[in-house]
There are 2 protein chains.
Amino acid sequence: MKALADPTRRDILKRLNAGDLAAGEIAAACDMTAPSVSHHLNVLKQAELVASRRAGQSIIYSLNSTVVQEFLQELLDFFDIGENDDA
Amino acid sequence: MKALADPTRRDILKRLNAGDLAAGEIAAACDMTAPSVSHHLNVLKQAELVASRRAGQSIIYSLNSTVVQEFLQELLDFFDIGENDDA
DNA sequence: TAGATAATTAGACAAGCATCTAATTACGAC
DNA sequence: GTCGTAATTAGATGCTTGTCTAATTATCTA
């Protein structure tokens with residue numbers, strides 16, 4: 001949950017939602033230094049929202065759609081959406 | 001979004017989801033000083049996730065279900081849930 | 001009005017966090 | 001093996017934020 005608190009990380013997730021990206025590409029897109037992005041990617045990774053795989057020198061990051069959807073489902077359950085609210 | 005980052009605030013929302021509560025009741029339930037809870041309630045209020053009304057000496061807080069649902073819908077749209085993921 | 005209770009505001013302080021530069025590791029090309 | 005590129009790790013710094021105590025505001029009751 002805290003992983004989604006930062007705007008940069010949400011931006012990263014949004015980009016990854018459109019397609020896999022290398023760490024360097026993300027850094028360029030976010031207009032941020034590589035270490036900073038690396039930090040955010042690590043946070044997202046620990047939250048299991050993204051996965052990484054090496055491809056030569058690059059490391060490709062991809063969105064973990066399953067976990068994202070599970071998280072959203074939890075959130076929906078949390079607020080009991082679809083409940084009777086007969087005022 | 002950042003309003004949901006703090007565990008205490010999520011706890012407050014959960015309690016309010018079960019029913020309206022006075023500020024003091026929330027403070028007691030969260031085992032926290034009144035000013036701290038007041039701070040969190042203010043954050044939630046600015047995010048329009050909760051609403052408040054005065055009832056005598058107490059101030060009653062209630063969950064703003066509409067905004068909560070709108071927020072969840074935004075989140076669902078954000079990740080394009082239900083999209084085609086033909087790998 | 002005076003006193004008591006409920007809540008907020010003001011101010012301070014410590015912990016957490018996002019960001020940067022510098023250094024290190026990993027891989028590929030020569 | 002050496003050089004260059006991609007990325008991470010290490011370490012430092014400044015800002016944000018959650019928490020507290022003390023003081024203030026608002027309401028009710030006698």
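Note on naming: letters A, B, ... go to the chains in the order of the sequence lines (proteins, then strands), and numbering restarts at 1 for each one.
Atom CZ of B/Arg53 is separated from atom C1' of D/dA26 by 18 Å (rounded to the nearest Å). Here the P atom of nucleotide C/dA6 and the CZ atom of B/Arg54 are 12 Å apart, to the nearest Å. For A/His40 and C/dT19, the NE2 to P distance is 4 Å, given to the nearest whole Å. We find that CD of A/Gln46 is positioned 15 Å from P of C/dG16, with the value rounded to whole Å. One can place CE of B/Met1 at 20 Å from P of D/dT16, the figure rounded to the nearest angstrom. Residue B/Lys2 contributes atom NZ, which lies 15 Å from atom P of D/dC15 at whole-angstrom precision. A/Met32 places its CE atom 13 Å from the C1' atom of C/dC17, with the value rounded to the nearest Å. Between the CD1 atom of A/Ile59 and the P atom of C/dC27 there is a distance of 9 Å, given to the nearest Å.
Out of C/dA18, D/dT8, D/dG18, the shortest distance to the side chain of B/His39 is found at D/dG18. Nearest nucleotide to the A/Pro35 side chain, out of D/dT9, D/dC20, D/dA26: D/dT9. Taking every side-chain heavy atom of B/Ala23 into account, C/dA7 is the closest of D/dA7, D/dG18, C/dA7.
Heavy atoms of A/Asp6 sit under 4.0 angstrom from primed sugar atoms or phosphate atoms, though from no base atom. The residue B/Ala34 sits close to a base: some heavy atom pair falls under 4.0 Å. At a threshold of 4.0 angstrom between heavy atoms, the contacts of A/Ala27 with the nucleic acid are absent.
Rounding to the nearest 0.5 Å places CG of B/Asp11 at 4.5 Å from SG of B/Cys30.
For the pair A/Ser38 and C/dT19, the criterion of a side-chain N or O lying under 4.0 Å from OP1 or OP2 is not met. Listed pair A/Ser58 / D/dA7 meets the phosphate criterion, a side-chain N or O lying under 4.0 Å from OP1 or OP2. In this structure, B/Tyr61 does not reach the C/dA6 phosphate: none of its side-chain N or O atoms is under 4.0 Å from OP1 or OP2. Contact annotation: A/Thr33 reaches the phosphate of C/dC20 (side-chain N/O to OP1 or OP2, under 4.0 Å). Residue B/Ser36 places none of its side-chain N or O atoms closer than 4.0 Å to OP1 or OP2 of D/dT19.
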Margin query: Working note: B/Ile12 + B/Thr8, criterion side chain to side chain contact (heavy atoms under 4.5 Å, CB included); need CA distance, chi angles, decisive distance, verdict.
Written below: CA-CA 6 Å; B/Ile12 291 174; B/Thr8 301; 4.3 Å; yes

Margin query: Would A/Leu75 and A/Met1 count as a side chain to side chain contact (heavy atoms under 4.5 Å, CB included) here? Give the steps.
Written below: CA-CA 10 Å; A/Leu75 218 55; A/Met1 193 59 170; 4.2 Å; yes

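Remark: B/Lys2 does not engage A/Asp6 in a salt bridge, criterion side-chain N to carboxylate O under 4.0 Å.
Closest approach of B/Val37 and B/Ala23 over heavy atoms only: CG1-O, 4.2 Å.
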